[in-house]
Amino acid sequence: MPFLTAIVLAGFVAYAGSWYFGMIEGNFALLLFLATVVTGLYWLAERFIFLPRRRAAAKTLEGQDESRRAKLAAQGIQDADGDVSTARERIMAQPWWLDWTAGLFPVILIVFLLRSFVFEPFKIPSGSMIPTLLIGDLILVNKFTYGLKLPVLNTRITQGNPIQSGDVVVFRYPPKPSVDYIKRVIGVPGDEVSYLNKKLTINGKPVVQTPGSDFFDESMMKYYQYFDEQLGVKKHGIIVDETRSAFVSGVDDFKFKQNCRYSVEGVSCKVPEGHYFVMGDNRDNSADSRYWGFVPDGNVVGKAFLVWMNFSDLKRIGAFN
């Protein structure tokens, strides 16, 4: 067992290391699931096989010691030398290969359940959601708002609240599902979304944009036009680069592309059933549905709602719209 355990642990380390250094495309959900299963099997083996064996060995040792003392007492020797407590502790101690598997199971199980069904942390790697989210923000994503899904399989098992226009969601990037993206939902199934001349219209109704003070993006060292925009019941901020053209260039081929009409003014799309149209709040610096298409409902991971840490700016901590 020690040799087999060493091979298993080495496999996990090799997989994680290869993923970290970019040698393979890792799947953390699958890795965590496998770690839960493997450590769970060791935990069961420890509880029902290895621990009872150690207890039996300790009991045998104690029985032998009692028998020895009884024989010495029969010979009139009351103060027998020797203390088996140290030997008993050694027998009962978990070997390293169980300590690193069965011993970690409760912690790994809790992390797996929390990450799969409650909250999942993410780090904002780019500026596509500025000014709402900044590079370096550590956020929490609610995994149960839109209904629970089985981990790894991503099969929905409960019906939650419907995704609404204006929600900030984390989803698996459709062209490359191993990568997670975060954007704001602009259109839900059936909506006609138009972004023409940098003005947003949904189902023929212009979305109100209220100008504010220019926003300074520290990551780009540049000022941008700032607007308060309202989708649904809550307002959020967006920024626009007045020097960029409204023309959408470099558009990929994607499913339901026929639902979109591109022009020098921008793009208009009819959102298909079971899909969403998403955009970044940094409207001119965001690779979103304008470029690579719609987000299938099955790709949605959850609703982002809280910045729980930003090590360079603690004032960032808190909920956001």
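The structure presented is a predicted model; accordingly, all values stated were derived computationally and were not measured.
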Within the distance-only criterion (no hydrogens, no angle test), does the side chain of Asp281 pair as donor or acceptor with the backbone N or O of Ile130 below 3.5 angstrom? no

Check the angle between the aromatic planes of Phe305 and Phe119 and answer parallel, tilted or perpendicular using the 30° and 60° thresholds. tilted

pair Leu314-Met309: side-chain heavy atoms closer than 4.5 Å: yes

Can you run down the disulfide (SG to SG under 2.5 Å) pairs that involve residues 269-321, sequence neighbours left out, and say none if there aren't any? Cys260-Cys269

Give, for atom CZ of Phe33 and atom CG of Leu153, the distance between the pair rounded to the nearest 0.5 Å. 7.5 Å

Heavy atoms, side chains only, cut-off 4.5 Å: are Lys198 and Gln225 in contact? no

Would you compute the distance between atom CG of Asp137 and atom CD1 of Ile124 and round it to the nearest 0.5 angstrom? 6.5 Å

How long is the span from the CG atom in Asp284 to the OH atom in Tyr224, to the nearest 0.5 Å? 8.5 Å

Neighbour count above 12 (heavy atom, 6.0 Å) for Phe256 CZ: yes

Could you tell me the separation between the CD1 atom of Ile239 and the CG atom of Asn282, rounded to the nearest 0.5 Å? 3.5 Å

Give a yes or no on whether Lys234 atom NZ has more than 12 heavy-atom contacts from other residues, nucleotides or ligands under 6.0 Å away. no

Taking it one step at a time, do Asp288 and Arg290 satisfy salt bridge (charged side-chain N to carboxylate O under 4.0 Å, His left out)? CA-CA 5 Å; Asp288 48 41; Arg290 293 171 290 178; 2.8 Å; yes

Trp308 CH2 to Ile317 CD1 distance, which is reported to the nearest 0.5 Å: 9.0 Å

Counting only heavy atoms not in Phe215, do more than 12 sit closer than 6.0 Å to its CZ atom? yes

Take atom CD of Glu218 as the centre, draw a 6.0 Å sphere, and report whether it contains more than 12 heavy atoms from other residues, nucleotides or ligands. no

Apply the salt bridge (charged side-chain N to carboxylate O under 4.0 Å, His left out) test between Lys222 and each candidate in Asp217, Asp214, Asp241; give the one that qualifies. Asp241

Given Lys235 and Asp228, is the salt bridge (charged side-chain N to carboxylate O under 4.0 Å, His left out) satisfied, shown in steps? CA-CA 6 Å; Lys235 290 184 178 180; Asp228 280 319; 5.8 Å; no

CH2 of Trp97: more than 12 outside heavy atoms within 6.0 angstrom? yes

Given side chains that start at C-beta, do those of Phe144 and Thr158 come closer than 4.5 Å, heavy atoms only? no

Tell me if the CD atom of Gln258 is crowded by more than 12 foreign heavy atoms within 6.0 Å. yes

If you compare all heavy atoms of Ser289 against all heavy atoms of Tyr262, which two are closest, and at what distance to 0.1 Å? O-OH, 4.5 Å

Between Lys270 and Arg261, is any pair of side-chain heavy atoms under 4.5 Å apart? no

Would you please classify the geometry between the Trp292 ring and the Tyr173 ring as parallel, tilted or perpendicular, with 30° and 60° separating the classes? perpendicular

